[in-house]
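Chain identifiers are assigned alphabetically (A, B, ...) following the order of the sequence lines, protein sequences preceding nucleic acid strands; residue numbering begins at 1 within each chain.
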Amino acid sequence: MKDKYRLKDWQELAIGGVVPDGGNSVDYETGTWRTSRPIWNAENCINCLNCWVFCPEDAFILKDGTTKKGTPRKEIERINYYHCKGCGLCAKECPVNKKGKKTAIDYVKEEH
Amino acid sequence: MSKVLAITGAGAMSEGMRQINPDVVPAFPITPSTQVIEDFSQFVADGKVDTEMITVESEHSAMSACIGAAAAGGRVMTATSSAGMALMWEMLYIASSMRQPVVMTLINRALSAPINIHADHSDSMGARDAGWIQLYAENNQEAYDNLIMAPKIAEKMDVRLPVMVCMDGFIISHCVQTMQLEDDDKVKKFIGGFESTYPVLDTENPSTWGALDLQDYYIEHKRAQHIAMKNAKDAIKKVSEEFADIFGRKYELFESYRIDDAERVIIAINSVCGEIKEVIDERREAGDKVGLLKIRSFRPFPYEEIAAALERVKIVTVLDRSESMGAYGPLFTEIRTALFDAPEKPMVYNRIFGLGGRELFMSDIHDIFEENKTYLETGKVEKMFDYLKVRGG
Amino acid sequence: MPSLQEMAKKEGAFAGGHRMCAGCPVPIFTKMLTRVTDGYEIVAGNATCCLEVASSIFPYSAWKIPWIHTAFENVGASMSGVETMYRALKKRGKITKPYKFIAIGGDGGTYDIGLQSLSGAMERGHDLVYICYDNGAYMNTGVQRSSATPMGATTTTTPMGEQSYGRQGNRKDLSRIMVAHNIGYVAQASIHDPVDLSEKLKKAIELDGPAFINLLSPCIPGWKIAPDMAVELARLGVETKYWPLYEVIDGEYKINYTPKKEVPVTEWMFLQGRFKHLNKPEYSDVVDAFQKDVERNWNWIVRQAASVELLSAEVN
Ligand SMILES: Cc1ncc(C[n+]2csc(CCOP(=O)(O)OP(=O)(O)O)c2C)c(N)n1
Ligand code: SF4
Ligand code: SF4
Ligand code: SF4
Ligand SMILES: [Mg+2]
């Protein structure tokens, strides 16, 4: 298996410092930065997508779903912990959490 | 049709640019290079080229726009002088490190202060470490020929470096000389189409240009750039040969003028070489074995080739038209380095001349040859470093 | 107005795995760049700043669209070059698809060192959307003041001390300077309102010609706030009228949001560590001056918008 963190020789690099495959940062793990962890509760989620739009790490993974009336829509599938830095913004901005009765995202200390 | 015409050096550059018809020309005026972009603007206005011009608000932006446009995936040219290039400084390095084959006419002019619009080489010599190929010219024909060759050299896939095409301000840029203007179609055919590398406009393969290198990659990118500049030497030679095949005029990395049997040689750059050649011819008539080595490619610098050319020479006077305060002149430093490994080292010394456009007349050049004659006869270089023609000594 | 559901159908422009601080709100808008319009190829350029550095640490890049950075003070110029090459190649038949170009800078790269190249790009009329994310200081280099730093804020070059209460004097109003360029679209937006932002982005991108968006974007270490507070502080910035949301379309002002109730600016300031030192009676004059300036600015925008309404009423 190729070691993805192997440092390359100059002959292997593309010209002029270019990164030819933009978006390859997905291979870089930032989940190790986390000291707290968001936990998404599907049963309380109203799929408003606030967490998805605000998450700075693009960590909310969506799937295709439908509303109760059957209209197609995007829904939260899960949190990508490989990138989630545990900032807590999703939990803070979740409207269900804001109402204060239930939580659609819990925010707990990371256990290492 | 190819034709002989009387034209200024700046006019020759704009004619060359018209023939090349680059995709984009960002430009900002500064004496003495202004005429290049004025003429070119008229070509655009008259539909003689279909280049997109960007009349930027500064030279820093001119070079920034050159880099952006070149990285987008097309041929880019510009022109400047002196303070204009000084303002580009940061971007000169970025252009070469991002390996963009931008071609820039640099009409050499002194740097401020005091502000002075006349010829010396402090602008391009200060940029000698910026990673640009630097080609110099004695007259407008050579400057034009260098310009025509520049895109081909710059765009070679194992080079991909920007090229600075230099000539002396006013002395060449503003003086009318006759020269051969080659046929438009022949020039276009010689240069060929532009091939891009990871163009920014390729949205199907989105690339990232200008990423941050930490300690783990910076030096590898520099190494690649170093090799590209090494390759540039062959590229210049090859393109010059192709040029000679088609247009008849032959160029090397430097010109050796009557140095085969010469004992005493002047090494210089740009327009002063014209007068030096005349003086040499006069002295040769009288049997004096003198010669000239005229630098064409200062970056890359042809160390070994120069050492070989000076093999039988006994004394070398290096004329620098710029200062490196607290050090020898930049050309002298290179020449002495080139000679260090030579089996028979000639005597070599340095003279600074012509700063801010101060003329060097033929009589002054005769004086130089008289001086190095005395040095050779006495076996002693009296003064390693001095200024020529400065009041107060 | 692109809803979140509509935006969610489209591929974002910015991936995870970048190195911005936890809770940095900047990616909220970078993710969105490809989600607000249809039918355009989107190409972006960046000035040197936090975003640029943290998104492109070699050999990685978070940019899923073509992206170019060259230096700090010149994204207006380098993107002028990219946009012009597009027009040149289109004219020569080498490109057929429609493209749109986005230039991004921080407040330092835009209000300060890059103001000239921004001004040049806008004046020349390139088809370019310039987005300034204003976090009120040079954050990338460790929180030094910029001309966007609000009065009284401490930065590492305007520290609080016996002789100083922090940044002296008022910040520059860049949005108004951009209005004076007579371009088709200028807007202030805030990172807390993605829907309003997406609408503004869409208008700016779809406009044929230069457009400018000034975006309020709180900074975790720079404002000395908790990692989950950036959106809330942007919201309060708008609610206190520190950062009015408005658009100027062809020179005509329109306020996009009027706060429902008067919220004193201290409610925004004192949630931030950079203003904490002012929460003492001896600095009440600084805080009052801040509040007055916020009101003066808001009233000025209200008057511009009102005069537009008055004029159109007269025409009708
Ligand atoms: C010519 C130049 N001067 C200074 C710097 C150092 N520098 C890099 S980014 C930066 C500050 C950026 O501030 P801003 O534009 O507000 O973006 P932020 O980091 O706050 O997001 C500075 C001072 C530089 N890279 N180039
Ligand atoms: S904690 Fe922060 S990084 Fe993690 S999912 Fe929530 S918003 Fe994203
Ligand atoms: S913000 Fe809360 S309710 Fe909305 S989608 Fe996310 S988890 Fe569900
Ligand atoms: S310093 Fe501020 S602007 Fe920079 S990445 Fe961190 S939070 Fe974002
Ligand atoms: Mg900033």
Close side-chain approach of B/Glu57 and C/Arg124, heavy atoms under 4.5 Å: yes
Region of C/Tyr99 in contact with chain B, defined by heavy-atom distances below 4.5 Å: side chain
Expected output: side-chain B/Tyr217 to main-chain C/Pro59 donor-acceptor under 3.5 Å: no
Interface moiety of C/Glu73 toward chain B, non-hydrogen atoms closer than 4.5 Å: side chain
Nearest-0.5 Å distance, CZ of residue C/Phe58 to CG of residue B/Asp213: 6.0 Å
Non-hydrogen atoms of B/Ala211 and C/Ser56 that approach each other most closely: CB-O, 3.3 Å
Residue B/Leu214 versus chain C: region with a heavy atom under 4.5 Å: side chain
Largest heavy-atom contact set with chain B, pairs under 4.5 Å, which of C/Ile57, C/Thr48, C/Asn46: C/Ile57
C/Ser78 vs B/Ile67 side-chain heavy atoms within contact, under 4.5 Å: no
Side chain to side chain contact (heavy atoms under 4.5 Å, CB included) assessment of B/Val24 paired with C/Tyr86: CA-CA 10 Å; B/Val24 173; C/Tyr86 162 67; over 6 Å; no
Point-to-point distance, once rounded to the nearest 0.5 Å, from OG of B/Ser61 to CD of C/Gln116: 5.5 Å
Region of B/Ser97 that comes under 4.5 Å of a non-hydrogen atom in chain C: neither
B/Ile219 atom CD1: more than 12 heavy-atom contacts under 6.0 Å: no
Contact winner vs chain C - B/Gly73, B/Pro26, B/Pro199, heavy-atom pairs under 4.5 Å: B/Gly73
Heavy-atom pair of closest approach, residues C/Ile68 and B/Ala71: CD1-CB, 3.6 Å
Close side-chain approach of B/Thr203 to C/Ile65, heavy-atom, < 4.5 Å: no
CA sep, side-chain torsions, deciding dist, call: B/His60, C/Ser117, side chain to side chain contact (heavy atoms under 4.5 Å, CB included): CA-CA 9 Å; B/His60 191 286; C/Ser117 74; over 6 Å; no
B/Met91 versus chain C, the contacting section by heavy-atom distance below 4.5 Å: side chain
Contact origin within C/Ile42 toward chain B - heavy atom pairs under 4.5 Å: backbone
N/O donor-acceptor pair under 3.5 Å between C/Lys91 side chain and B/Asp50 backbone: yes
Part of C/Glu52 lying under 4.5 Å from any heavy atom of chain B: side chain
Distance in Å, B/Thr208 OG1 paired with C/Trp67 CH2, rounded so as to fall on 0.5 Å steps: 6.5 Å
Nearest-0.5 Å distance that lies between atom CD1 in B/Ile54 and atom CE in C/Met85: 8.5 Å
Side chain / backbone / both / neither for B/Asn205 at chain C, heavy atoms under 4.5 Å: neither
Contact summary for C/Pro66 and B/Asp202, nearest pair of heavy atoms: CG-O, 3.7 Å
Heavy-atom proximity to chain B below 4.5 Å, by part of C/Leu89: side chain
Interchain contact, C/Val53 with chain B, by part (heavy-atom threshold 4.5 Å): both
Lys/Arg-Asp/Glu bridge criterion (N-O < 4.0 Å) met for B/Glu52, C/Arg92: no
Options B/Thr55, B/Asp216, B/Asp23, ranked by heavy-atom pairs under 4.5 Å with chain C, top entry: B/Asp23
Can you give each donor-acceptor pair under 3.5 Å made by side-chain atoms of residues 156-166 of chain B, sequence neighbours left out, with the distance rounded to 0.1 Å?
{"unit_1": "B/Arg160", "atom_1": "NH1", "unit_2": "B/Glu155", "atom_2": "O", "d": "2.9"}
{"unit_1": "B/Arg160", "atom_1": "NH1", "unit_2": "B/Glu195", "atom_2": "O", "d": "3.2"}
{"unit_1": "B/Arg160", "atom_1": "NH2", "unit_2": "B/Glu195", "atom_2": "O", "d": "2.7"}

B/Lys188, NZ: over 12 other non-hydrogen atoms inside 6.0 angstrom: yes
For chain B, the option from C/Glu83, C/Lys94, C/Glu41 that forms the most heavy-atom pairs under 4.5 Å: C/Glu41
Atom group of B/Ser207 that falls short of 4.5 Å from chain C, counting heavy atoms: backbone
